Colleague: 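The structure follows.
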Amino acid sequence: MNLALLRPEALSLWIEVPVALLLVASGLFALAAGVGLLRFRTFFQRMHPPALAFSFGAWCVTLASILYFSAQDERLALHAWLIIVFLAITVPVTTILLARTELFRKRTGGRAGEVPALSGRAEGAWHGACWCPAA
């Protein structure tokens, strides 16, 4: 077995330092998300820090991967962009769906006093997929 294939040669310090800093920053974002999750009291307050910190942490890891593998292969490695594009689309959508679900549960679960009523709408009703104002 050729050990040279298992252990690539060391990269330049100009590549290793930014990669290490980006990975440490990602860990700090994860720590901040955990602190925010423990510190805040309500569901809506608790969902905000992890969503933001997860996105920032994922960006740091993606940029570190692009730097490292581009330097190692001596060509631009953009396959990591697929991961961050997928996460950039799914994390906000998931956060919005969780928030809407909790609002629905509070409004229909007899705890309507905790959630402000919808405002800014004209009087009327939904009929199928369209809003019909009251006459």
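All figures in this text were calculated on a predicted structure; none of them were measured in a lab.
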Colleague: Using the side-chain contact (heavy atoms from CB on, under 4.5 Å) rule, take Lys106 and Phe44 through it: C-alpha gap first, then chi angles, then the decisive distance, then the call.
Modeller: CA-CA 12 Å; Lys106 283 189 175 187; Phe44 296 106; 4.1 Å; yes

Colleague: What distance do Ile96 atom CD1 and Thr101 atom OG1 have between them, rounded to the nearest 0.5 Å?
Modeller: 11.5 Å

Colleague: Under 4.5 Å between side-chain heavy atoms, hopping through other hydrophobics if needed: is there a path connecting Trp14 to Leu22?
Modeller: no

Colleague: So for atom CZ, which belongs to Phe43, do other residues, nucleotides or ligands contribute more than 12 heavy atoms lying within a distance under 6.0 Å?
Modeller: yes

Colleague: Quick one: side chains of residues 46-65, donor-acceptor pairs under 3.5 Å with protein atoms, not counting sequence neighbours, listed by atom name and distance.
Modeller:
residue, atom, partner, partner atom, Å
Arg46, NE, Leu37, O, 3.3
Arg46, NE, Phe40, O, 2.7
Arg46, NH2, Phe40, O, 3.3
Ser55, OG, Ala51, O, 3.1
Thr62, OG1, Ala58, O, 2.8
Ser65, OG, Val61, O, 3.0

Colleague: Checking Ala20 now: which residues fulfil side chain to side chain contact (heavy atoms under 4.5 Å, CB included) with it, not counting sequence neighbours?
Modeller: none

Colleague: Establish whether Val17 and Leu23 are linked, either directly or via other cluster members, by ILVMFWY side-chain heavy-atom contacts under 4.5 Å.
Modeller: no

Colleague: Is there a path from Leu13 to Leu21 through hydrophobic residues (I, L, V, M, F, W, Y) whose side chains come within less than 4.5 Å of each other?
Modeller: yes

Colleague: Between Val93 and Ile89, what is the shortest heavy-atom contact and its length?
Modeller: CG2-O, 3.2 Å

Colleague: Would a hydrophobic clustering, with Ile, Leu, Val, Met, Phe, Trp and Tyr connected at side-chain separations under 4.5 Å, put Leu31 with Val24?
Modeller: no

Colleague: When rounded to the nearest 0.5 angstrom, what distance separates CG in Leu78 from CD1 in Ile84?
Modeller: 13.5 Å

